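Read through the structure below, which is laid out as structure tokens, and then see the notes.
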Amino acid sequence: MKQNILIIEDNKKLNDGMCLALKNKDYNFYQCRTLNDGRQIMREQDISLILLDVNLPDGNGIDFVKEIRRQSSVPVILITVNNMEVDIVTGLEAGADDYITKPFSLMVLRARVGARLRNIGERTDSRVKIDDFDFDFDKMKFFKDGEPLELSKTEQKLLKILCVNKGATMKRSYLIDSIWQGDTEFVDDHALTVVIKRLRDKLEDDSQHPVYIKTVYGIGYTWAVKS
């Protein structure tokens, strides 16, 4: 089954160049130059990945990422001329999965797109039910005792790793690398501690005495399996 790639880039030459560079028998391409056209395509097609310019004639790509994340977990790679740390962090915190700064190598573009699409193929356990929890990571819907939970993108990533590997101890370094993929230079070690605390506050009955998200001192964390 072919994977559908949506390219939203107002520079026609670059838009066509990306499409040509990524040409593959396993990909279908949908090209547009405005956010409104992108929205229309997303309503009509099952999109596998989005290549999204940040600066577009009818809006800001980072705001569009936030809009997408309210209804979809489709991978988004930002294409931007902004290479300042604050722009990169803002894009990732908004829910983007990766970014490429202009000018970029088409070889790098192919590698980044290939990696994201492989991750889709390798996804497992998108629906997890544990005790009173019901987590649907594809639809980004999370419930405890039937009540919805609001989780940030970062909290979702951490929760999925812990649930898929329940009973196993996940090292802090692995969690940081997996959650902030490739951008650990902008993340201090305390960031993971903060996300763990926020997740416990939302999931545990008593976050000071967690039953599920346990600390393995000196190593990392685990989603505990009840004996």
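Everything quoted here is computed from the prediction, not taken from an experiment.
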Original post:
So which heavy atom on Val65 is nearest to which on Gly95, and how close?
Top reply: CG1-C, 3.6 Å
Original post:
Would you find more than 12 non-hydrogen atoms of other residues, nucleotides or ligands less than 6.0 Å from Arg198 atom CZ?
Top reply: no
Subject >> Point-to-point distance, once rounded to the nearest 0.5 Å, from CD1 of Ile130 to CG of Asp132 >> reply: 11.0 Å
Subject >> Validation row: Ile79, Phe104 side chains within 4.5 angstrom (heavy atoms) >> reply: yes
Subject >> Closest non-hydrogen atom pair between Ile161 and Ser178, with its separation >> reply: CD1-CB, 3.5 Å
Original post:
Just wondering, do Met42 and Ile68 contact through their side chains at under 4.5 Å, heavy atoms?
Top reply: yes
**OP:** Verify the cluster assignment for Leu106 and Leu117: are they in a single hydrophobic cluster under the rule of side-chain heavy atoms below 4.5 Å apart?
**Re:** yes
**OP:** Would you give the length of the straight line joining atom CG of Asp134 to atom CG of Asp145, rounded to the nearest 0.5 angstrom?
**Re:** 11.5 Å
Original post:
Just by distance, do the side chain of Glu9 and the backbone of Asn11 share a donor-acceptor pair under 3.5 Å?
Top reply: yes
**OP:** Report the C-alpha distance between Trp180 and Leu92 in whole Å, list the side-chain angles of each, state the deciding distance to 0.1 Å, and finish with yes or no for side-chain contact (heavy atoms from CB on, under 4.5 Å).
**Re:** CA-CA 8 Å; Trp180 286 280; Leu92 294 171; over 6 Å; no
Original post:
Looking at Leu35 and Asp58, what are the two nearest heavy atoms and their distance?
Top reply: N-OD1, 3.0 Å
Subject >> side-chain contact (heavy atoms from CB on, under 4.5 Å) assessment of Asp37 paired with Gln31 >> reply: CA-CA 9 Å; Asp37 287 346; Gln31 295 174 256; over 6 Å; no
**OP:** Determine, stepwise, if the pair Glu204 / Val211 fulfils side-chain contact (heavy atoms from CB on, under 4.5 Å).
**Re:** CA-CA 7 Å; Glu204 302 280 2; Val211 173; 3.8 Å; yes
Subject >> Rounded distance (nearest 0.5 Å) linking atom CG of Leu6 with atom CD1 of Ile47 >> reply: 5.0 Å
Subject >> Greater than 12 external heavy atoms within 6.0 Å of Glu44's CD >> reply: yes
Original post:
Side-chain donor-acceptor pair under 3.5 Å between Asp26 and Gln3, yes or no?
Top reply: no
Original post:
With distance as the sole test, does Lys214 use its side chain to make a donor-acceptor pair with the main-chain N or O of Pro210 at under 3.5 Å?
Top reply: yes
**OP:** Kindly say whether Lys141 contributes a backbone atom to a donor-acceptor pair with the side chain of Asp136 at under 3.5 angstrom?
**Re:** no
Subject >> ILVMFWY network linking Leu159 to Tyr174, side-chain heavy atoms under 4.5 angstrom >> reply: yes
**OP:** Indicate yes or no: at least one non-hydrogen side-chain atom of Leu151 is less than 4.5 angstrom from one of Phe135.
**Re:** no
Original post:
Val128 versus Lys166: any side-chain heavy-atom pair under 4.5 Å?
Top reply: no
Subject >> Under 3.5 Å donor-acceptor, Thr222 side chain and Ala168 backbone >> reply: yes
Original post:
For the side-chain hydrogen bond (donor to acceptor under 3.5 Å, both in side chains) test, which of Gln40, Arg39, Arg33 pairs with Asn36?
Top reply: Arg39
**OP:** Over all heavy atoms of both residues, which pair between Leu149 and Lys202 is shortest? Give the atoms and the distance, please.
**Re:** CD2-O, 3.6 Å
Original post:
Taking the six-membered ring for Trp, are Trp223 and Tyr212 parallel (under 30°), tilted (30 to 60°) or perpendicular (over 60°)?
Top reply: tilted
Subject >> Under 3.5 Å: donor-acceptor pair, side chain of Arg200, backbone of Asp205 >> reply: no
**OP:** Of all the heavy-atom pairs spanning Ile179 and Lys157, show the shortest one and how long it is.
**Re:** O-NZ, 3.4 Å
Subject >> Leu78 CG to Ile100 CD1 distance, which is reported to the nearest 0.5 Å >> reply: 9.5 Å
Subject >> Side chain proximity check, Leu109 to Leu51, heavy atoms < 4.5 angstrom >> reply: yes
Original post:
So, are Arg69 and Asp97 salt-bridged, with charged N and O less than 4.0 Å apart?
Top reply: yes
Original post:
Is there a donor-acceptor contact under 3.5 Å from the side chain of Gln156 to the main chain of Phe137?
Top reply: no
Subject >> Inter-residue atom distance Thr34.OG1 - Ile8.CD1, 0.5 Å rounding >> reply: 8.0 Å
**OP:** With side-chain contact (heavy atoms from CB on, under 4.5 Å) as the test, would you mind laying out the steps for Leu158 and Tyr221 before giving the verdict?
**Re:** CA-CA 10 Å; Leu158 174 59; Tyr221 301 93; over 6 Å; no
Subject >> Main-chain N/O of Asp46 paired with Asn4 side-chain donor or acceptor, under 3.5 Å >> reply: yes
Original post:
Hey, what do you get for OG1 (Thr215) to CD1 (Ile196), rounding to the nearest 0.5 Å?
Top reply: 7.0 Å
Original post:
What heavy-atom pair brings Gly146 and Phe143 nearest, and what distance separates the two atoms?
Top reply: O-CD2, 3.7 Å
Original post:
Side chains of Arg116 and Ser48: is there a donor and an acceptor less than 3.5 Å apart?
Top reply: no
Original post:
For Asp10, does its backbone N or O pair with a side-chain atom of Asn15 as donor and acceptor, under 3.5 Å?
Top reply: no
